[in-house]
Amino acid sequence: MYSFQNDYSEGAHPNILRALETINYHQNNSYGLDEHSHAARELIQEALEDYSADIHFIAGGTLTNLTFISHVLKPYEAVISAQTGHINTHETGAIEATGHKVFSVLTEDGKLSPDLIRPVLDLHENEHWVEPRLVYISNPTEIGTLYTKEELEDLYGFCQRHHLYLYIDGARLAAALAAEEVSHLTFPDLPKLCDAFYIGGTKAGAMFGEALVLIREDFKDHFRFNMKQRGAILAKGWMMGVQFEELFKDNLYIELGKESIRRMQPIKQAFEEAGIPLLCEAPTNQIFPIFPNDLAEEINSRYLTTFQCRPDPKHTCLRFCTSWITSEEAVADFVENFKDMAIKYC
C-alpha cells in the first residue's frame with residue numbers, strides 16, 4: 001500500500017548519504033562546533049546574503065519551535081498562531097509546556113494577516129492578561145497555502161509597528177521558495193521579512209535536521225545555553241552540518257523543493273479533471289481534496305493518506321503529500337486507479 005501521507009517517509013538524498021559515508025570514520029568536534037557545521041553556516045549565510053545571521057542546527061521542527069520560542073519570550077508573553085498552525089495542532093502542547101500561551105486565530109486559508117491579528121491585540125491591553133509578543137506563521141502553511149513576498153512585507157511591517165516578533169516555521173520552506181506562484185520570494189528576502197525563521201531539512205532531502213536562523217540581534221545572546229537546557233544540542237552535531245553542506249551546494253535545496261511539487265501535479269490534475277474540489281488552492285507538494293465519503297473510504301483502502309477534516313456529513317477532506325523521491329510509478333498507478341474509482345462516485 002503506497003503512502004501519500006507525508007514527505008518524510010523516505011531516507012536522505014544520495015548526495016547526503018555519500019557525504020555521511022565519506023566522513024564516517026573521521027573524527028569531528030562535537031556539539032555543532034565542527035568544520036562541517038561551520039561550512040554549512042557559511043553556505044547558508046551566502047545564500048541569504050546576510051553574514052550576520054546566527055545559525056543553529058536542531059534535530060526536529062517541534063524541538064526548534066519550543067527552543068526558540070522559550071528563549072525569546074518573557075514568562076508573561078504569548079504567541080499568536082493560526083488555528084491550523086503546527087504549534088497549535090501537532091506539538092502536544094509543547095509551547096504551553098514552556099509556560100507560554102498560544103492564541104489561536106481562525107483563518108480561511110491558514111494565513112495570518114494584520115486584520116486577523118489586530119483583534120487579539122485589542123483584547124489584551126494590560127497586566128491582567130498575558131501579553132501577545134510573537135507572531136508564528138508557517139510558509140507553506142499547514143494546509144498548503146503560501147505567503148507572497150508582499151503579504152510578508154505587510155505582515156512584518158505591522159509586527160514592527162506593534163512591537164511584535166515575526167517567526168516563520170520553514171518546515172517545507174524548500175517548497176515555498178520553489179513554487180512558481182511565488183518565484184519572486186528568494187532566500188535573500190527572508191532576513192528582511194522576519195526576526196527569525198528555520199530552514200527545514202527533514203522534509204527536503206535530509207535524514208533529519210532543521211537550520212534555525214536568528215536575525216534579530218537580541219535573540220542571539222546565550223541562545224546555545226537555552227539549546228542545551230532543552231536538549232537541542234546534538235553531541236554528533238556534524239551529522240546535521242554535513243547534511244546542510246550538501247543541501248546548499250549547487251542549489252540542491254531548491255531543486256528538491258521543485259521536485260516535490262512536480263510529483264504532485266499529475267495527482268492534482270486528476271482531481272481537477274474529476275471535478276474534485278480542494279479545501280483551498282495549494283500550489284506546493286500538499287493538496288487537500290474533498291471527496292464523497294464513499295470515495296474517500298475506497299481511496300484509503302488502497303493508499304495511505306491523512307484525514308484532514310469533514311466539511312459536511314457527506315464529504316471527507318484528505319491530505320495528499322509528495323516528496324522529492326515519491327515514486328513516479330506510484331503516482332501513475334494512483335492516477336489510473338483514481339479515474340476508475342471516480343466514475344463510481346462522481
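FYI, side chains are in, hydrogens and waters are out, and symmetry mates aren't considered; it's all heavy atoms of this structure.
Remark: the Arg230 side chain and the Ser70 side chain contain an N/O donor-acceptor pair separated by less than 3.5 Å. Side-chain contact check for Tyr167 and Asp195: no donor-acceptor pair (N or O, by modelled atom type) lies under 3.5 Å. Looking at Thr305 and Asn300, their side chains do bring a donor and an acceptor atom within 3.5 Å of each other. For the residue pair Glu151/Ser113, the side-chain donor-acceptor check at 3.5 Å is not satisfied. Judged by distance alone, the side chains of Thr62 and Asn65 never bring a donor and an acceptor atom under 3.5 Å apart. Using a 3.5 Å distance cut-off with no hydrogens or angles, the side chains of Ser323 and Glu10 do pair a donor with an acceptor. Residues Asn88 and Tyr136 bring no donor and acceptor atom of their side chains to less than 3.5 Å of each other.
Salt-bridge annotation for Arg262 and Glu328: present, with a side-chain N of the basic residue lying under 4.0 Å from a carboxylate O of the acidic one. Between Arg302 and Glu298 there is a salt bridge, with a side-chain nitrogen of the basic residue lying less than 4.0 Å from a carboxylate oxygen of the acidic one.
Counting heavy-atom neighbours within 6.0 Å of His90 NE2, excluding the residue itself, gives a total of 12 or less. Counting non-hydrogen atoms of neighbouring residues, nucleotides and ligands closer than 6.0 angstrom, the NZ atom of Lys220 exceeds 12 such neighbours. Surrounding CD of Glu297 are at most 12 heavy atoms belonging to other residues, nucleotides or ligands under 6.0 Å away. Counted within 6.0 Å of NZ on Lys314, heavy atoms from surrounding residues, nucleotides or ligands total 12 or fewer; the atom is thus considered open. For Phe225, the CZ atom sits in a loose shell: 12 or fewer heavy atoms of surrounding residues, nucleotides or ligands are nearer than 6.0 Å. More than 12 heavy-atom neighbours from other residues, nucleotides or ligands sit within 6.0 angstrom of CZ on Phe219. Environment of NE2 in His26: crowded, with over 12 heavy atoms of neighbouring residues, nucleotides or ligands closer than 6.0 Å.
The backbone N or O of Gly201 lies less than 3.5 Å from a partner atom in the side chain of Glu210, making a donor-acceptor pair.
A 4.5 Å side-chain heavy-atom check between Leu121 and Leu164 finds at least one atom pair inside the cut-off.
Between Ala232 and Ile58 the shortest heavy-atom distance is CB-CG2, 4.1 Å. Shortest non-hydrogen contact noted between Thr89 and Gln83 is CG2-O, 3.2 Å. Shown here for Phe187 and Pro191, the closest heavy-atom pair between the two residues is O-CD, 3.3 Å.
In this structure, CG on Asp7 lies 8.0 Å from OG1 on Thr326, to the nearest 0.5 angstrom. The line from CZ of Phe68 to CG of Asn226 is 10.5 Å long, rounded to the nearest 0.5 Å.
Under a hydrophobic clustering in which Ile, Leu, Val, Met, Phe, Trp and Tyr are joined whenever their side-chain heavy atoms come within less than 4.5 Å, directly or via other members, Ile267 and Leu295 fall into the same cluster. Tracing side-chain contacts under 4.5 Å through hydrophobic residues (I, L, V, M, F, W, Y), one never reaches Met240 starting from Leu66; they form parts of separate clusters. With hydrophobic clusters built from ILVMFWY side chains whose heavy atoms lie under 4.5 angstrom apart, Leu112 shares a cluster with Leu166.
Tyr51 pairs by the side-chain contact (heavy atoms from CB on, under 4.5 Å) definition with Gln45, Glu46, not counting sequence neighbours.
Checked against the 6.0 Å centroid criterion, the rings of Phe244 and Phe57 qualify as a close aromatic pair. Checked against the 6.0 Å centroid threshold, Phe338 and Phe271 count as a close aromatic pair.
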